[in-house]
Engineer: 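Next up is a structure, given as structure tokens.
Quick caveat, the model's predicted, so the values are computed rather than measured.
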Amino acid sequence: MEALLVAATNVFSPEALLVLVIGTIVGLFIGALPGLSSTMGVALCIPITFGMDPAIALVLLGAIYCSSVFGGSITAILLRTPGTDASIASTFDGYPMTQRGEGTKAIGMALVASLVGGVFSALVLLFVAPPLSRLALLFGPQEYVFLAIFGMVSIIGVASGQALKGLITAALGLLLATVGLDLFTGYPRLTMGQDELLDGLPLLPALIGIFSVSQALSLCLSSAESGAGQPVPEVKGRVLPEWLVLRRVARTLLRSSIIGSVIGILPGAGTSVAAFISYNEARRQSPHPERFGKGEIEGVAAPEAANNAVTGGTLVPTLTLGIPGNAVTAVFIGGLTIHGLIPGPKLFTQYADVTYTLILSLILANILFAVIGLVSAPWISRVIRVPSAVLGPAIIVFSVVGSYALRNSLFDVWLVLGFGVVGFFMERWRFPGAPLVIALVLGPILETNFRRAMQISGGDWTTFFTRPFCLLLIALIVLSLCYPLIARLRRGRRLFG
């Protein structure tokens, strides 16, 4: 309690509040710009913190982390241009809402969901970090295999009505996920002699190309066909969702916040995995699953609550065990050690005031980016009124600059443009791009942990069916696969009975 009081004093000091506002605004811009990930934002700001007090430095890094995750949803919803991989799932229903003139409403739902998920995970970090971090240690490679399969099941939901085409693009994604050095043999696979592919196919250039450049090409083509200077229809409506809508999505928000927090605690899973699984669960639990992918507001609420809930969850193993939950928290560990703070039990005893300052600042950062987003949403939404002839090339420029900034490599720029052309034709031929990206994210997790589990067990397949958490995940996978059939049978009984 004494440490909490000291932390509250630190957080509400003028210096900390100023840093919190600056970090939140910077994070929103970093998240919204394609290619500038949360990891890059935190990494770029670590040198700035060298001369700061450790508590204030962590406030800055935490604010950038939280707000950048939400920032990616702004362009994902308005322009179908996810700023980060965490926002890919938000495009599925957010962009169709924008096309209907409900972009402001979609941003409002994303704000509320992000606030709920972020505050929920920060409270989880505050109260149950030590016991939950011990639970994460029980997850071995066998459990991660089924967690990846559980995420792959979401492809069925995302590709609803286009199951065969969805499976084809998912298979392509799994093939592309094998590009790079084999982690177990060191042999290069499908690199075609390109050294830039030895670390694998970069995810961000792929998603920027498929979701951003392809959309920009469509805008340029449509402006050429209909005449340059034709603006996109104006977005109208209130920002905050109506009370009835909030009541309808309340369960989705809570469920997705729990999913995001739990997956965040599991090292390596990440925001995109949490968003995909939560999206699929929201669709599975919905009485109208056919609306998903066509502008269903629950399809915005679920991934946004989940990906922001990951932020607090990933810091649980990071702070208590020194195990980074994702790439951002790996950079976070670097920021901690620079200031002489070693992750582990001492952070909650000897340096408790600094640790609790970070946790309380995460709560304030979530509230702050919600307030800033709420005030600025009407102006932000006007970006889609820019004529297609201007907006399309602008998206391509930002995508090229963002992809180059990832590794200062022209190879990434060519990847973005190449995937943009592929994504353009996929959309023309009605091949969904989301399954390809989901497979790219989950493929390495599935392969690495499967091979690791087989090595540990000496090739014994029963190792996947003898662990309690594996059996639980298998049950969830079977339930997810069977639920659409059960839902159809129920609807048939209601119709005829």
Engineer: Let's go through E298 and R291 carefully: what are the C-alpha distance in whole Å and the side-chain angles of both, what is the deciding distance for salt bridge (Lys or Arg N to Asp or Glu O under 4.0 Å) to 0.1 Å, and is it a yes or a no?
Structural biologist: CA-CA 10 Å; E298 276 192 82; R291 295 180 183 174; over 6 Å; no
Engineer: With a cut-off of 6.0 Å (strictly less than), are more than 12 heavy atoms of other residues, nucleotides or ligands near CZ of R251?
Structural biologist: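 It does not: R251 CZ has 12 such atoms or fewer within range.
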Engineer: So, do I359 and Y356 sit near enough that their side-chain heavy atoms are less than 4.5 Å apart?
Structural biologist: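 Sidechains of Y356 and I359: in contact.
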Engineer: For the backbone of V69 and the side chain of S73, can you confirm whether one donor and one acceptor N or O come within less than 3.5 Å of each other?
Structural biologist: no
Engineer: Could you walk me through whether Q455 and F184 pass side-chain contact (heavy atoms from CB on, under 4.5 Å), step by step?
Structural biologist: CA-CA 10 Å; Q455 282 188 342; F184 293 85; 3.5 Å; yes
Engineer: Answer whether the closest heavy-atom distance between the side chains of L125 and L362 falls below 4.5 Å.
Structural biologist: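 When only atoms from C-beta onward are counted, L362 and L125 do touch, with a gap below 4.5 Å.
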Engineer: Can you see which heavy atom on L358 is nearest to which on G62, and at what distance?
Structural biologist: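 Closest approach of L358 to G62: CD1-CA, 4.3 Å.
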Engineer: Could you work out, with side-chain contact (heavy atoms from CB on, under 4.5 Å) as the rule, every residue matching D199, not counting sequence neighbours?
Structural biologist: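 side-chain contact (heavy atoms from CB on, under 4.5 Å) list for D199, sorted by chain: empty.
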Engineer: Just how far is it from atom CD of E304 to atom CG of D93, taken to the nearest 0.5 Å?
Structural biologist: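 Answer for the CD-CG pair, E304 versus D93, is 11.5 Å.
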Engineer: Could you grab the distance from atom CD of E281 to atom OG of S286, nearest 0.5 Å is fine?
Structural biologist: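 Going from CD on E281 over to OG on S286, the span is 12.0 Å.
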Engineer: Between M97 and I297, is there a side-chain heavy-atom distance shorter than 4.5 Å?
Structural biologist: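 A side-chain contact exists here, since the closest heavy-atom pair is under 4.5 Å.
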Engineer: Please evaluate residues F146 and I474 with respect to the criterion side-chain contact (heavy atoms from CB on, under 4.5 Å), reporting the C-alpha separation (whole Å), side-chain torsions for both, the decisive distance (0.1 Å), and the verdict.
Structural biologist: CA-CA 7 Å; F146 288 112; I474 290 172; 3.5 Å; yes
Engineer: What's the spacing between L115 CG and F70 CZ if we round to 0.5 Å?
Structural biologist: 10.0 Å
Engineer: Quick one: pull up CZ in F431 and CG in L172 and give me the separation to the nearest 0.5 Å.
Structural biologist: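 Rounded to the nearest 0.5 Å, the CZ-CG separation comes to 10.0 Å.
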Engineer: For the residue pair F369 and L111, what are the closest heavy atoms and their distance?
Structural biologist: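 Looks like O-CD2, 3.8 Å.
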Engineer: Could you give the distance from CD1 (I263) to CG (N307), rounded to the nearest 0.5 Å?
Structural biologist: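 Reported to 0.5 Å precision, the distance equals 11.0 Å.
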Engineer: Less than 4.5 Å apart, any side-chain heavy atom of R255 and any of I258?
Structural biologist: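 No, every pair of side-chain atoms sits at 4.5 Å or beyond.
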Engineer: Taking atom CZ as the centre, does F425 end up with more than 12 heavy-atom neighbours from other residues, nucleotides or ligands that are less than 6.0 angstrom away?
Structural biologist: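 No, CZ of F425 has 12 or fewer neighbouring heavy atoms, counting only those of other groups under 6.0 Å.
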Engineer: Is a side-chain N or O of E447 found less than 3.5 angstrom from the main chain of P444, in a donor-acceptor match?
Structural biologist: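 Here the side-chain-to-backbone pair does not exist.
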Engineer: Give the intermediate values and the outcome of side-chain contact (heavy atoms from CB on, under 4.5 Å) for residues D412 and Y404.
Structural biologist: CA-CA 6 Å; D412 288 345; Y404 181 79; over 6 Å; no
Engineer: Could you list all the ring pair (Phe, Tyr, Trp, His ring centres under 6.0 Å) pairs where at least one residue sits in residues 439-461, not counting sequence neighbours?
Structural biologist: F450-W461, F450-F464
Engineer: Dump the intermediate steps for side-chain contact (heavy atoms from CB on, under 4.5 Å) on V422 and I210, then the final yes or no.
Structural biologist: CA-CA 7 Å; V422 171; I210 290 173; 5.8 Å; no
Engineer: Considering only heavy atoms from C-beta outward, does the side chain of F465 approach that of C470 to under 4.5 Å?
Structural biologist: no
Engineer: For the atom pair OG1 (T355) and CG (L58), what is the distance rounded to the nearest 0.5 Å?
Structural biologist: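 These two atoms lie 8.0 Å from each other.
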Engineer: Ignoring hydrogens and angles, tell me if any N or O in the side chain of T448 forms a donor-acceptor pair with the backbone of I445 under 3.5 Å.
Structural biologist: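 Here the side-chain-to-backbone pair does not exist.
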Engineer: Any heavy-atom pair between the side chains of L336 and L319 that's under 4.5 Å?
Structural biologist: yes
Engineer: Given 3.5 Å as the limit, does a donor-acceptor pair link the side chain of T311 with the main chain of N308, or not?
Structural biologist: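 Flag set: sc T311 to bb N308 pair under 3.5 Å.
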Engineer: Do you know which two heavy atoms are closest between I77 and A110, and how far apart they sit?
Structural biologist: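 Scanning both residues completely, I find the closest heavy atoms to be CD1-CB, 3.8 Å.
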Engineer: Side chains of S261 and F120, heavy atoms from C-beta outward: is any pair under 4.5 Å?
Structural biologist: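 Yes - at least one pair of side-chain heavy atoms lies under 4.5 Å apart.
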Engineer: Identify the heavy atoms of S214 and G423 that sit nearest to each other, and give their distance.
Structural biologist: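 Distance-wise, the nearest heavy atoms are CB-C, 3.5 Å.
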Engineer: Report the C-alpha separation of F292 and Y279 in whole Å, then their side-chain angles, then the decisive distance to 0.1 Å, and conclude whether the ring-ring contact (aromatic ring centres under 6.0 Å, His included) test is met.
Structural biologist: CA-CA 9 Å; F292 280 70; Y279 181 87; 5.6 Å; yes
Engineer: What's the shortest heavy-atom distance between I363 and L123, and which atoms?
Structural biologist: CD1-CD2, 4.0 Å
Engineer: Please check if the side chain of T178 supplies one atom and the backbone of L175 the other of a donor-acceptor pair under 3.5 Å.
Structural biologist: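 Yes, T178 side chain to L175 backbone: donor-acceptor pair under 3.5 Å.
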Engineer: Salt-bridge test for E296 and R283: reply yes if a basic N is under 4.0 Å from a carboxylate O, no otherwise.
Structural biologist: no
Engineer: In the structure I gave you, are the side-chain heavy atoms of I396 and L217 within less than 4.5 Å of one another anywhere?
Structural biologist: yes
Engineer: Can you see which heavy atom on V300 is nearest to which on A106, and at what distance?
Structural biologist: CG1-O, 3.7 Å
Engineer: Verify, without hydrogens or angle tests, whether S121 (side chain) and A309 (backbone) share a donor-acceptor contact under 3.5 angstrom.
Structural biologist: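 Answer holds: yes.
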